[in-house]
**Student:** 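Mind having a look at this structure? Questions to follow.
Numbers restart at 1 for each chain; the letters A, B, ... are given by sequence-line order, proteins then strands.
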Number of protein chains: 2
Amino acid sequence: MDGPALHPDIAPLGFLLGSWMGEGKGFYATISPFEYGEELRVWHVGKPLLAFTQRTWSLDDGRPLHSETGFWRLIDGSHVELVVAHPNGHAEVAEGELRGTSISVASISMTKTSTAKPVDSIERDIRVDGETMSYDLRMAAMGRPLDGHLQAELRLGATH
Amino acid sequence: MDGPALHPDIAPLGFLLGSWMGEGKGFYATISPFEYGEELRVWHVGKPLLAFTQRTWSLDDGRPLHSETGFWRLIDGSHVELVVAHPNGHAEVAEGELRGTSISVASISMTKTSTAKPVDSIERDIRVDGETMSYDLRMAAMGRPLDGHLQAELRLGATH
């Protein structure tokens with residue numbers, strides 16, 4: 001659909017916009033490795049931020065696994081801020097840097113509802129090369145140190 | 001669209017599901033009162049939680065104002081947990097109680113990115129009566145005590 005123009009303050013993150021689909025692998029000391037499909041949608045409404053929603057499903061049987069939703073912010077052209085709501089009761093606030101079409105952010109706070117499992121920190125590296133997005137996510141959870149958790153590659157579908 | 005059945009653990013919150021539209025009023029000691037239009041979508045994917053995304057716009061000129069996105073969780077049939085990502089850099093984790101089709105939650109943590117304005121707490125009362133949803137939101141921000149901030153009434157449109 002036609003919409004408002006991309007706000008110039010968020011334009012350097014414009015390479016994230018669109019609908020992305022692909023597959024990834026999950027692993028962590030406390031779980032069995034798994035493979036997942038993923039759909040990510042990133043959009044804007046003319047304000048200096050990007051909204052996103054994401055969902056994953058098991059490649060075994062298609063059952064829904066995770067989903068995330070939140071906002072990307074960009075300050076002074078290179079300082080990235082990320083706010084994420086997680087369905088398992090976590091809220092993630094992360095900050096980091098944009099370099100070209102690569103983003104690295106680390107959580108500055110992880111908060112949670114009283115029934116959620118403890119997650120201490122999350123780090124995300126995201127790289128976009130043309131119509132391919134790849135990301136690595138590291139996590140410190142359940143009292144364990146920061147370690148690899150997710151790795152995926154997505155392809156750009158629709159750009160709106 | 002046809003989708004998975006509503007998970008029985010979240011069914012008591014099923015009255016939130018659907019697309020809601022309406023209007024509201026905003027006010028706070030630090031701002032001029034304003035009127036807004038609102039669209040709220042609440043859905044599920046078969047897991048014991050509800051996802052939502054919301055946006056508001058000025059009734060003056062239609063410009064986008066706020067948006068929120070996150071998840072509702074329900075524990076033991078009556079304990080409600082809410083995780084919200086805000087575009088202005090805040091993450092809200094709130095808990096409270098479900099009574100019939102009324103929900104009252106208060107933030108147990110408000111976290112934010114380094115450039116976001118301080119918000120200390122948020123309280124939400126939501127009531128659904130048939131196809132009408134009304135809510136009140138109170139906020140403590142910018143060093144001020146908890147006070148009324150938003151009041152709106154929405155009507156149920158599509159139920160999926």
**Student:** Among B:Pro87, B:Ser67, B:Ala116, which has the most heavy-atom pairs under 4.5 Å with chain A?
**Tutor:** B:Pro87
**Student:** Where do A:Gly18 and A:Leu156 come nearest, in terms of heavy atoms and distance?
**Tutor:** CA-CD1, 4.0 Å
**Student:** Under 4.5 Å heavy-atom distance to chain A, tell me which part of B:Val45 shows up: side chain, backbone, both or neither.
**Tutor:** both
**Student:** Using a cut-off of under 4.5 Å for heavy-atom pairs, which of B:Ile75, B:Thr111, B:Thr53 has the most such pairs with chain A?
**Tutor:**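 Going by pairs under 4.5 Å, I would pick B:Thr111.
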**Student:** With under 30° as parallel and over 60° as perpendicular, where do the rings of B:Phe34 and B:Tyr36 fit, or are they tilted in between?
**Tutor:** tilted
**Student:** So what's closer than 4.5 Å to chain A heavy atoms on B:His79: side chain, backbone, both or neither?
**Tutor:**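 Just its side chain gets close to chain A.
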**Student:** Does a side-chain N-to-carboxylate-O contact under 4.0 Å join B:Asp120 and B:Arg144?
**Tutor:** no
**Student:** At their closest point, which heavy atom of A:Glu38 faces which heavy atom of A:Ala152, and how far apart are they?
**Tutor:** OE1-CB, 4.1 Å
**Student:** What part of B:Ser109 is in contact with chain A, defined as an atom under 4.5 angstrom from a non-hydrogen atom: side chain, backbone, both or neither?
**Tutor:**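 Just the side chain, heavy atoms under 4.5 Å.
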**Student:** Out of B:Leu49, B:Leu50, B:Leu82, which one racks up the most heavy-atom pairs below 4.5 Å with chain A?
**Tutor:**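 Among B:Leu49, B:Leu50, B:Leu82, the one with the most close pairs to chain A is B:Leu49.
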**Student:** Kindly assign one of parallel, tilted or perpendicular to the pair A:His149 and A:Tyr28, based on the angle between their ring planes and the thresholds 30° and 60°.
**Tutor:** perpendicular
**Student:** Please rank A:Val84, A:Ile108, A:Asn88 by heavy-atom pairs under 4.5 Å with chain B and give me the top one.
**Tutor:**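 Of the candidates given, the most pairs with chain B belong to A:Asn88.
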**Student:** For A:Lys112 and A:Lys117, which heavy atoms make the closest approach, and how far apart are they?
**Tutor:**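 Smallest interatomic distance, heavy atoms only, reads CD-O, 3.7 Å.
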**Student:** Given the options A:Pro48, A:Ala51, A:Gly89, A:Gly46, which has more heavy-atom pairs under 4.5 Å with chain B than any of the others?
**Tutor:** A:Gly89
**Student:** Please state whether the side chain, the backbone, both or neither of A:Val83 comes within less than 4.5 Å of a heavy atom of chain B.
**Tutor:** both
**Student:** Should the pair A:Trp72 and A:Phe52 be assigned to parallel (<30°), tilted (30 to 60°) or perpendicular (>60°) ring geometry?
**Tutor:**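 Rings of A:Trp72 and A:Phe52: tilted, 30 to 60°.
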